[in-house]
Amino acid sequence: MASTEFGRVVRRWRDRVRPEAAGLPAGGQRRAAGLRREELAMLAGISVDYVTRLEQGRATHPSEQVVEALGRALRLSAAEREHLFHVAGLVPPGQGTVPAYITPSVHRMLDRLTGTPVAVSDASWTLLLANPLYTALMGERHGRERSGARRAFLGSGGRVRHTSRSQLAMETAVVSDLRAAAVRYPADQRLRQQIAELRAHSERFAELWDSGAVGRHEASRKTIDHPQVGAVTLDCDVLSVAGCDLRIMIYTAEPGSPDAERLELLAVLGSQTLTPG
């Protein structure tokens, strides 16, 4: 019964979210005004098949991470998010754990920055939400690859070029953020497990962690090697949201520059990918 009710709730709330309100193109033939399953799956970072099985009651016991991701994609209020956890048979995360709730004001900000690559991460640098242009720029990230710390120390590398100096600065800032998050959120088991995994499998992380290295994210210029539009050099700024410990990463180009033109081209290519033919 609980799994069936969870599916009904997800379907009902999916139907009320207009695609343009979620930062998606609204074109094409639609039987209903709300999100398609594939759109919800893309926004939540899970498979379409899993969304289908959840809605049909064929998948039971969704994880806390899945429920949290669906809540963000569905633009739920704090009370609705709590209800979604309850119908999933889970206790909503409480104090002492890394906040993953994105406020309506942050959602609205992302909606207005359609021509700017923007991503929102939590205090442990786990990707919570990215707008379509950010995804087009950096590529899709699913599962464990949504962890920026894991990508930095255990991943195969992304599209951003790094010098040895910029690599060290980035790694030091990530380690510092994880150390601070561990102090602020002592009850977060997932964060503790992530730190233990990084210390066990990355000599570089263990060295920086044990040395007490301290750093912070500074405004910088980054070059992204994109497989379709080539190298794009953009200004990167990291903003913090007071009261909810979110990190917002924003990439911008100088107006009228070749990089701005490449970003505009990427926006067109990305919308063509997202809009069904």
Side-chain angles (χ1 to χ4, degrees), residues 19-27 39 42-43 45 72-73 102-122 125-142 145-149 151-152 155-174 177 215-242 246-275:
E20 57 269 30
L24 298 174
E39 291 170 334
M42 181 194 68
L43 291 169
R72 286 192 298 270
I102 298 179
T103 62
S105 60
V106 173
H107 273 297
R108 288 193 295 270
M109 183 186 69
L110 264 68
D111 292 341
R112 285 160 175 74
L113 294 174
T114 55
T116 303
V118 186
V120 182
S121 298
D122 66 16
W125 282 104
T126 296
L127 179 65
L128 301 178
L129 184 66
N131 68 0
L133 188 51
Y134 182 94
T135 300
L137 179 68
M138 295 298 186
E140 294 276 359
R141 289 169 178 170
H142 300 290
E145 284 302 300
R146 294 177 78 85
S147 166
R151 289 197 312 273
S156 56
R159 295 175 178 177
V160 178
R161 290 184 193 174
H162 278 293
T163 64
S164 57
R165 182 176 179 179
S166 69
Q167 181 79 20
L168 175 60
M170 181 270 295
E171 292 173 344
T172 304
V174 169
D177 283 346
R216 64 181 182 179
H217 296 275
E218 304 280 359
S220 61
R221 287 181 64 79
K222 294 184 179 181
T223 298
I224 298 95
D225 289 313
H226 192 275
Q228 292 176 285
V229 302
V232 188
T233 300
L234 304 171
D235 291 314
C236 177
D237 291 278
V238 178
L239 312 179
S240 296
V241 182
L246 298 176
R247 283 93 169 94
I248 301 177
M249 182 171 284
I250 303 178
Y251 285 93
T252 56
E254 182 179 350
S257 67
D259 294 302
E261 294 175 0
R262 293 187 187 97
L263 204 57
E264 290 174 3
L265 174 59
L266 188 57
V268 174
L269 294 173
S271 65
Q272 290 175 348
T273 301
L274 289 169
T275 304

Shortest non-hydrogen separation from [X] to [Y] and the atoms involved:
X      : Y      : answer
Ala119 : Leu127 : CB-CD1, 3.7 Å
Leu263 : Gly115 : CD2-O, 4.3 Å
Gln167 : Ala152 : NE2-O, 4.2 Å
Asp259 : Ala231 : OD1-O, 4.1 Å

* How far does CG of Leu137 sit from CG of Leu269, to the nearest 0.5 angstrom? -> 12.0 Å
* Structure fact -> CZ of Arg247 to CG of Leu239, rounded to nearest 0.5 Å, is 11.5 Å
Can you tell me if [X] uses its side chain to pair, donor with acceptor, with the backbone of [Y] under 3.5 Å?
X      : Y      : result
Asp235 : Glu254 : no
Asn131 : Val118 : yes
Arg151 : Glu145 : yes
His226 : Ala136 : yes
Arg146 : Arg141 : yes
Thr172 : Leu168 : yes

* Asked: Could you go step by step and tell me if Leu234 and Lys222 meet the side-chain contact (heavy atoms from CB on, under 4.5 Å) rule?
  -> CA-CA 5 Å; Leu234 304 171; Lys222 294 184 179 181; 6.0 Å; no
* Structure fact -> Applying ring pair (Phe, Tyr, Trp, His ring centres under 6.0 Å) to His217 and not counting sequence neighbours gives Trp125
* To do: Determine whether more than 12 heavy atoms belonging to other residues, nucleotides or ligands lie under 6.0 Å from atom CZ of Arg221.
  => yes
* Check the pair Tyr251 / Ile224 against side-chain contact (heavy atoms from CB on, under 4.5 Å), numbers first and verdict last. => CA-CA 11 Å; Tyr251 285 93; Ile224 298 95; 4.1 Å; yes
Please examine the side chains of [Y] and [X], heavy atoms only from C-beta on, and report whether any two atoms are closer than 4.5 Å.
X      : Y      : result
Leu133 : Leu113 : no
Ile248 : Val106 : yes
Arg262 : Leu266 : no
Ser257 : Thr233 : no

* Go through His107 and Ile102 one step at a time and tell me if the side-chain contact (heavy atoms from CB on, under 4.5 Å) criterion holds. => CA-CA 7 Å; His107 273 297; Ile102 298 179; 3.8 Å; yes
* When you check the gap from the basic side-chain N to the acidic O, do Arg108 and Asp111 get nearer than 4.0 Å? -> no
* Kindly determine whether Met138 and Val160 satisfy side-chain contact (heavy atoms from CB on, under 4.5 Å), including the steps that lead there. => CA-CA 8 Å; Met138 295 298 186; Val160 178; 3.7 Å; yes
